[in-house]
Amino acid sequence: MSTALLEQQSETVMHFQQLFQEREQKLNGQANAPLPRLQRLAMDRLAETPFPTRRNEDWKYTATTRILAPAYTAGTEAELAAEQVKAANIVCLDAYVLVFVNGVFSAKHSQVYGMPPELTLWPVKDALKDDRFRPIIEAQLFHEENQVHNAFEHLNMAFAEHGHFIHVPKNVVVDKPIHFLYISETEDQAIFTHPQIIISLERSAELTIIEHFTGTVKGDAPYFTNVANRFHVAENANLKHYRIQDESVKAFHVNNTRVRQDRVSTYSGYLVDLGSRIVRNNLGAVLLDESTNTNFYGMYFGRGEQHIDNQTFIDHAFPHCESNELYKGIVNDKASAVFNGKVLVRQDAQKTNAYQQNSSLVLSPKAVVDSKPQLEIFADDVKCSHGATIGQLDENSVFYLRSRGLSDEQARALLQHAFLKEVLDFMPEEKVINASEELITKKFQGEF
Amino acid sequence: MLSIKDLKVDIEDKAILQGISLDIKPGEVHAIMGPNGSGKSTLANVLSGREEYEVTGGDVSFLGEDLLELEVDERAQAGIFMAFQYPVEIPGVTTATFLKSAVNAVREARGLEELKPVEMLRLIRQKADMLGIDHKFLQRSLNEGFSGGEKKRNEMLQMALLEPKLAILDETDSGLDIDALKIVSDAVNQLRQADRSFIVVTHYQRLLNYIVPDYVHVLYNGRIVKSGDKNLALELEEKGYDWIKEEVAAGIPSL
Ligand SMILES: Nc1ncnc2c1ncn2[C@@H]1O[C@H](COP(=O)(O)OP(=O)(O)OP(=O)(O)O)[C@@H](O)[C@H]1O
Ligand SMILES: [Mg+2]
């Protein structure tokens, strides 16, 4: 690392340490409660773990220095009008809703009545005090199977105050999706928030969660959403995970989601990125046993100066596992997108079915896409394919649509929509498809 | 309605249309025939607004407007409809969505209100029934995986919905079996009216038994070398094009 970078990083970390100490001082004897102890541990780790820089191959295209430059403080709950929350909600979706305003859980805006009694949905802070759950959470937080945790994850753990823990016991099918709605709003003070969801699905349990990140930057000060999720999907369990990210285009967003899957389990991620000035998603699935099913369906759409970086990792270590990965995206104006998808098929992972595809449309001469699908195969009896295409809109199609009276703009919007729709169509929940489509339409119309 | 005067068109510096003149009055049906490569599709494409053609001379006026100055979507809105020889497939856009967007775009340009979803659906279904198109096609991606005949019928469905002033059919009959041909011809005949004209490009006299033209023109080497009534098509069916080529070689004036 260059000295300038080193200096900036140590300044950043010092700033974080100072914030951390200020908060600790306010704890008044609570510092030895389980959560503050974990946070102290994470803070120590953060001090030892440099933030990745562009010299790091996996971070080549994304400058963390820009994300870390503002002098953030922890978000505090702001008054939000009920209409504002309603506008951010998913129309007609029957779900349990947890609303977080500037990272702070807002009971007032949330709706969690009527949850199945077997289900545990607790603040991590409380769950850690329960002997049944503490070992589960700690196992989730500290496993480092095949991947070392990065500084953003330590930062999240050090500052996450409103993380939630979900435990679904065996054979329980949760009747409605759990919707985590994160709304941030800044004016002249930059804030960071640390959303955290830790999920443990026991054998044959089923759950759908929706993360939705949105917000507004009213003044000059950006906000930074730094997410870290840990999901464990036990044998024959099924987790559906939607993530809709339409943050302010002045915001920064880093999302680390690690999934661990046991035998015959299914994880499906439906991932929509529309917002943020810079967004970096690390999504990884470690397959711990045979016959798992892993699906990553991602779509992204960048305009203006947005930068959208998706890194995915699927680690096949056992036989008969299947993974499907499809990422499609559009970049326009000066936007850039990165797709770096690693699929590792280890020697013992015979009969693996791994499919990976990344397709992008680049609609302006200044827009850029870097696509790197990587398939590393060490087993010999597998079915794997991967591919990347980068193209423009098909002008024959544009002409055809225009010859039926659609304007050039309408024709192009329709075709872009169709391109992205292929990914949305994998979503089982139609209301989330509709909500995503509406956001895409708004984006076409330049509303954000 | 449409008046083409001495139209000359190049593609990649090659002269394809070498002075075409044609006058089409409201309600008329003009058939254009001619050997492969003679320029029939080129003429149709230039009228529809394709950009890869270079107009090097002549004028085209449509309902008093300079057609060549209009963008392709403006032409469609003004009432030109081109049924393509090879309609493109557009994955991800359902036929229904496409039809709705097109109908509303054209209505808006013509100063009409957008149709309500229910009215739209009723209209689309009614026209689909007229053309014997199964409603399940409406939910499929536009033309994707449609057979040749299904694509052509889909073109006719669009024509029926967009109610053009001038419809140009480029080999809509090619690849249709006899039943489909009848359905397509019936649709065209139903749409025939005093203020709507048709240009029908075809290789086969068979179509003209169903859609009886007012005029038949023979295009050869980028020129209209012969014009006549429907009997000219019968003559061509019987004798082929050689006699016309010979006449042209001998310098016998057309008409
Ligand atoms: N895009 C193009 N680039 C180059 N040459 C072209 C192009 N389109 C047409 N041509 C040429 O222009 C000439 C006229 O073609 P056109 O398609 O108009 O013929 P046509 O009369 O419709 O023939 P067919 O009966 O086979 O459909 C042909 O020589 C063709 O090769
Ligand atoms: Mg042709």
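To find a chain, count down the sequence lines: A is the first, B the second, and so on, and within it residues start at 1.
- At most 12 heavy atoms of other shown residues, nucleotides or ligands fall within 6.0 angstrom of atom CG in B:Asp13.
- Heavy-atom neighbours of chain B within the stretch residues 358-374 of chain A, taken at a separation under 4.5 angstrom, are nonexistent.
- B:Leu142 touches chain A through its side chain: at least one heavy atom from C-beta onward sits under 4.5 Å away, while N, CA, C and O do not.
- For B:Glu119, the CD atom sits in a packed shell: over 12 heavy atoms of surrounding residues, nucleotides or ligands are nearer than 6.0 Å.
- Only the side chain of B:Thr97 comes within contact range of chain A, with at least one heavy atom under 4.5 Å from a heavy atom of that chain.
- Within a 6.0 Å sphere centred on CD of B:Glu113, other residues, nucleotides and ligands contribute 12 heavy atoms or fewer.
- Atom NZ of A:Lys176 has more than 12 heavy atoms from other residues, nucleotides or ligands within 6.0 Å.
- At a heavy-atom separation below 4.5 angstrom, chain B is approached by A:Asn396, A:Ser397, A:Phe399, A:Tyr400, A:Leu401, A:Arg402, A:Ser403, A:Arg404, A:Gly405, A:Leu406 within residues 394-406 of chain A.
- Within residues 148-174 of chain B, the residues having any heavy atom under 4.5 Å from a heavy atom of chain A are, by residue number, B:Glu155, B:Gln158, B:Leu162.
- The candidate with the highest count of non-hydrogen atom pairs below 4.5 Å against chain A, out of B:Gly92, B:Pro91, B:Ser141, is B:Gly92.
- The side-chain hydrogen bond (donor to acceptor under 3.5 Å, both in side chains) search around A:His212 returns A:Asp246, not counting sequence neighbours.
- Contact count against chain A (heavy-atom pairs under 4.5 Å) is highest for B:Val72 among B:Val72, B:Val106, B:Leu99.
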